[in-house]
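Order of listing sets the numbers, starting from 1, for every ligand and every atom in it. Numbers here are sequence positions counted from 1. These numbers come from the heavy atoms of this one structure, side chains and all, not from hydrogens, waters or symmetry mates. Nothing here was measured: the structure is a model prediction, and the numbers come from that model.
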Amino acid sequence: MDRRKFTSSLSFVAMGSILGAPVVFGKLMPKGYIPLGLQDPDPFKLFDKDKQMVILNDRPWNMEAQAHLLDDKVTPNKYMFIRNNGKIPERIDPDTWTLTIDGEAVKRPKRYTLEELKRAFGTHTYQLTLECGGNGRSEFNPPAKGNQWTVGAVSCAQWTGIRLRDILEDVGFGENAVYIGYHAADTHLSGDAGKAPISRGVPMKKALQDETLIAFKMNGKDIPLVHGHPLRLVCGGWPASASGKWLKRISVRDKVHDGAKMTGSSYRIPCHPVAPGEKVPDEEMCIIESMPVKSLITFPKTGALLKKGQELRIRGHAWAGELEVSRMQYSIDFGSTWRDCPLEKPVNRLAWQHFSATIAFPEEGYYEVWAKATDSQGKSQPMVLPGWNPKGYLNNACHRIAVKIG
Ligand SMILES: Nc1nc2c(c(=O)[nH]1)N[C@H]1C(S)=C(S)[C@@H](COP(=O)(O)O)O[C@H]1N2
Ligand SMILES: [Mo]
């Protein structure tokens, strides 16, 4: 039995004896609640993550994958990056959890229990690519503040839930509806209860898409706590910050949602290109919407050693926000020449696509394998860093791995 299950089956008196002190107010604590002092201090165990995941921050918790950990077609929890802006909510009781729909543009504001949501609306499952807007931030110069993500802040898990559209149609919304904004149960690091760590959203057009889900399952199981249990908004193909975890309320707004991290330089980029390091006034910053085309070589791990004459089988994934990836190429000569490689169709819209290739190297020595995806509108990944921006978003430069032959 794991520690979490073990502790949640104990009485608070028994817990107190482990802690060496009585659990004050123990009687008032919800069933299954584990006092912080008893939680596993090992974050890999606490979040059920593989030891090869890389911790970028512990306050709040932020953890990324490495390219080779993302080899699965459907990302399992153990390799899924964690991005938190605040403190993970601790006392979650799915039996009493509710979702409220309100806002200026809603016709009949309503509150649903989880049971009601599951009963009233059809269930849908999609595999959805979630990439943090700041994935690749570590390479920008001048450097951008924030978690120094390399390549591992992306996932493509299978999400099951109901369509946000079905709920919005149930409550009704006016012609004045512009945007939806989410409100969640996580709390600000400062401890200020009136302050949300994050409250973002998407325009109505995105909110009403088939694939925009209010999810209650990830990869067929209850969503893990750190990824939004018991309810999460999932907007695939957009910066993952639009996919609110621990979802409590959705507001149908008559203007662009103005919650925490919707303004200033948060998840916004200069509306027009700027020079590296340039100061950009707030009114010249635009909200990031669909993510740009990108790909990742997930096998082999960089640094592969091959014998002379041995062929190399590579594989990976490519994605392009709202668009499909239409072409995948690789280069073994630093981008001088490119070869096409087979690319699979996505299992559904907004899911990443898989590519593979068998590469023969002309002679022994050091090589880099570069991968380049092109979207359905003809845009390819740049080979070097794309436009600098104050917070280091949208780095979709080609991924590359080192290979040595001989
Ligand atoms: N409530 C809440 N939702 C949130 C966040 C958060 O801090 N709180 N972080 C957002 C950001 S910036 C990202 S990149 C994704 C990360 O999702 P994951 O931790 O499940 O991988 O969640 C988004 N949803
Ligand atoms: Mo993010």
(request) Report yes if the distance between the aromatic ring centroids of His317 and His399 is under 6.0 Å, otherwise no. (result)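 When the ring centroids of His317 and His399 are compared, they turn out to be at least 6.0 Å apart.
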
(request) Flag the pair Trp61 / Phe47 as yes when their ring centroid distance falls below 6.0 Å, and as no otherwise. (result)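 Under 6.0 Å, so yes.
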
(message) List the residues meeting salt bridge (Lys or Arg N to Asp or Glu O under 4.0 Å) with Lys205, not counting sequence neighbours, and say none if there are none.
(response)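 Lys205 satisfies salt bridge (Lys or Arg N to Asp or Glu O under 4.0 Å) with no other residue.
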
Any protein N/O atoms within less than 3.5 Å of an N/O atom in ligand 1? List the atom names and distances, or say none.
unit_1, atom_1, unit_2, atom_2, d
ligand 1, 1 (N), Asp186, OD1, 3.1
ligand 1, 1 (N), Asp186, OD2, 3.3
ligand 1, 1 (N), Lys245, O, 3.0
ligand 1, 3 (N), Lys245, N, 2.9
ligand 1, 7 (O), Asn85, N, 2.7
ligand 1, 7 (O), Asn85, ND2, 2.9
ligand 1, 8 (N), Asp186, OD2, 2.6
ligand 1, 9 (N), Arg83, O, 3.4
ligand 1, 9 (N), Asn85, ND2, 3.2
ligand 1, 17 (O), Arg232, NH2, 3.0
ligand 1, 19 (O), Arg83, N, 2.9
ligand 1, 19 (O), Lys245, NZ, 2.6
ligand 1, 20 (O), His227, ND1, 2.7
ligand 1, 20 (O), Arg232, NH1, 2.7
ligand 1, 21 (O), Phe81, O, 2.7
ligand 1, 22 (O), Arg232, NH2, 3.2
ligand 1, 24 (N), Ser243, O, 2.9

(request) Sequence neighbours left out, what pairs pass salt bridge (Lys or Arg N to Asp or Glu O under 4.0 Å) with at least one residue falling in residues 108-133? (result) Lys110-Asp170, Glu131-Lys294

(message) Please list all pairs meeting salt bridge (Lys or Arg N to Asp or Glu O under 4.0 Å) that have one or both residues in residues 260-280, counting only residues at least two apart or in different chains.
(response)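 As it turns out, there is no salt bridge (Lys or Arg N to Asp or Glu O under 4.0 Å) pair with a partner in residues 260-280 once direct neighbours are skipped.
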
(request) Establish, from distance only, whether the side-chain atoms of Asn77 and Lys221 form a donor-acceptor pair under 3.5 Å. (result)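 Looking only at side-chain atoms, Lys221 and Asn77 do not form any donor-acceptor pair under 3.5 Å.
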
